Amino acid sequence: SPVNAVQGAVEQSLERVVVSAAPESATSLVGRAWDKSREDDRAAAVALFELALTRPDSNMPVDRIQWSYGWAMFNLNDYTCALAHFDLARRAAPEKVRWVPFTFAVTYWQMGARDVALGWYDQAARNEPGCWIDARAAERCTRHWLRPERRALGELLTAWKRKRFAPSSARRGCACR
């Protein structure tokens with residue numbers, strides 16, 4: 001049947017990925033996983049990230065693997081999975097990492113948790129005003145981001161500015177008479 005043929009092709013593809021990946025470093029595996037995610041091949045990307053997680057090293061520690069895994073899932077529109085991997089990366093990091101507030105902000109934004117996203121974004125803007133306070137700064141700090149990431153950031157920044165710089169009576173919900 002066509003379903004069995006597709007399933008067999010997927011299994012063969014994953015088998016080739018795992019077999020060919022066996023001698024590779026975590027850095028190489030993460031690079032290949034990222035490429036697969038950009039090709040919308042979620043199954044191969046996940047298989048490669050999972051394999052990379054079994055081979056962390058000084059060049060590609062667990063926190064960086066999880067962080068890359070998270071961005072791959074973000075760009076595959078699986079924001080819940082992305083957030084889980086970002087949180088695992090944060091927990092695995094040897095020290096406090098600067099990327100947590102803005103990464104969590106754009107991810108929560110895409111998940112539809114607007115208030116949570118705005119809270120994280122406010123923290124990012126306080127921590128790094130040179131990157132997150134306005135569109136020009138954000139553009140400079142996100143040149144390497146992909147289109148979906150930048151689009152989410154643009155929407156979030158606009159909403160944050162509207163909320164942050166709204167007249168105080170609007171923030172309190174006060175109706176003028």
Side-chain angles (χ1 to χ4, degrees), residues 25-42 44-46 48-49 52-53 56-168 170-171:
S25 68
T27 301
S28 177
L29 290 166
V30 166
R32 289 183 57 216
W34 181 255
D35 290 344
K36 290 297 180 186
S37 74
R38 299 305 306 139
E39 296 167 6
D40 288 326
D41 188 346
R42 187 183 196 287
V46 167
L48 287 162
F49 277 119
L53 284 167
D57 57 42
S58 60
N59 293 323
M60 185 60 69
V62 169
D63 61 309
R64 286 188 51 207
I65 297 168
Q66 293 286 11
W67 183 75
S68 296
Y69 202 158
W71 279 114
M73 295 301 106
F74 182 99
N75 285 298
L76 288 167
N77 302 318
D78 189 343
Y79 306 114
T80 302
C81 185
L83 188 61
H85 286 287
F86 291 144
D87 192 49
L88 288 168
R90 178 189 58 84
R91 292 171 192 231
E95 55 196 39
K96 186 177 177 181
V97 287
R98 65 179 256 311
W99 55 260
V100 168
F102 66 82
T103 303
F104 279 35
V106 295
T107 306
Y108 276 115
W109 185 261
Q110 291 300 91
M111 292 172 71
R114 302 301 198 226
D115 289 337
V116 175
L118 289 166
W120 278 107
Y121 195 86
D122 197 53
Q123 183 178 340
R126 280 194 316 272
N127 291 352
E128 294 185 276
C131 280
W132 311 115
I133 202 79
D134 63 42
R136 184 174 294 140
E139 184 176 325
R140 186 181 62 254
C141 292
T142 60
R143 285 188 185 126
H144 61 285
W145 284 26
L146 300 176
R147 186 172 291 137
E149 299 161 356
R150 292 174 75 127
R151 185 175 28 254
L153 177 64
E155 293 170 5
L156 178 54
L157 176 58
T158 299
W160 176 78
K161 287 177 104 175
R162 223 181 353 252
K163 180 179 178 181
R164 180 152 172 108
F165 299 111
S168 60
R171 284 194 299 251

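The structure displayed is predicted, hence computed values, not measured ones. Every heavy atom of this structure was used, including side-chain atoms; hydrogens, water molecules and symmetry mates were not.
The NE2 atom of His144 lies 7.5 Å from the CD atom of Glu149; values are rounded to the nearest 0.5 Å. The distance from atom CG of Asn59 to atom OG of Ser28, rounded to the nearest 0.5 Å, is 12.0 Å. Note that the CZ atom of Phe102 and the CG atom of Leu153 stand 9.5 Å from one another [nearest 0.5 Å].
For Cys81, there are no disulfide bond (SG atoms under 2.5 Å apart) partners two or more places apart in sequence or in a different chain. Residues satisfying the salt bridge (Lys or Arg N to Asp or Glu O under 4.0 Å) test with Glu95, not counting sequence neighbours, are none. Residues that satisfy the side chain to side chain contact (heavy atoms under 4.5 Å, CB included) test with Arg140, not counting sequence neighbours, are Ala137, Arg143. The side chain to side chain donor-acceptor pair (under 3.5 Å) check on Arg90 picks up Asp87, with sequence neighbours excluded. Applying the ring-ring contact (aromatic ring centres under 6.0 Å, His included) rule to Phe49 yields the partners Tyr69; only residues at least two apart in sequence or on another chain are considered. When the side chain to side chain contact (heavy atoms under 4.5 Å, CB included) test is applied to Asp35, no partner is found at least two apart in sequence or on another chain. Partners of Arg126 according to the side chain to side chain donor-acceptor pair (under 3.5 Å) rule, which considers only residues two or more places apart in sequence or in another chain, are Asp122. Applying the side chain to side chain contact (heavy atoms under 4.5 Å, CB included) test to Thr158 and every residue at least two apart in sequence or in another chain returns Arg162. Every residue two or more places apart in sequence or in another chain that forms a side chain to side chain contact (heavy atoms under 4.5 Å, CB included) with Thr80 is listed here: Asp78, Met111.
Residues Ala82 and Phe74 come closest through the heavy atom pair CB-N, 3.6 Å. Residues Ala33 and Ala45 come closest through the heavy atom pair O-CB, 3.5 Å. Closest approach of Trp132 and Ala138 over heavy atoms only: CE3-CB, 4.3 Å. The two residues Pro101 and Gln123 have their closest heavy-atom pair at CG-NE2, 3.8 Å. For Ser37 against Leu76, the heavy-atom pair with the smallest separation is O-CD2, 3.4 Å. Scanning all heavy atoms of the two residues, the minimum distance from Ile133 to Leu157 falls at O-CD1, 4.2 Å.
Counting heavy atoms from C-beta outward, Asp134 and Lys161 have side chains that approach closer than 4.5 Å. The side-chain heavy atoms of Leu83 and Met73, taken from C-beta on, include no pair separated by under 4.5 Å. Trp67 has its side chain out of reach of Val30: every pair of non-hydrogen atoms, C-beta onward, lies at least 4.5 Å apart.
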Exercise. Would you please test Lys36 and Val46 for side chain to side chain contact (heavy atoms under 4.5 Å, CB included) and show each step?
Key: CA-CA 9 Å; Lys36 290 297 180 186; Val46 167; over 6 Å; no

Exercise. Please lay out, stage by stage, how Trp34 and Asn75 fare under the test side chain to side chain contact (heavy atoms under 4.5 Å, CB included).
Key: CA-CA 10 Å; Trp34 181 255; Asn75 285 298; 3.5 Å; yes

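Residue pairs meeting the salt bridge (charged side-chain N to carboxylate O under 4.0 Å, His left out) criterion with at least one partner in residues 101-113, sequence neighbours excluded, do not occur; the list is empty. Sorted by first and then second residue, the side-chain hydrogen bond (donor to acceptor under 3.5 Å, both in side chains) pairs involving residues 98-121 (not counting sequence neighbours) are Tyr79-Gln110, Arg98-Glu128, Trp109-Glu155. Applying the salt bridge (charged side-chain N to carboxylate O under 4.0 Å, His left out) definition to pairs two or more places apart or across chains, none involves residues 57-69.
Note on Glu139 versus Arg136: no salt bridge recorded, every NZ/NE/NH1/NH2 to OD/OE distance being 4.0 Å or above.
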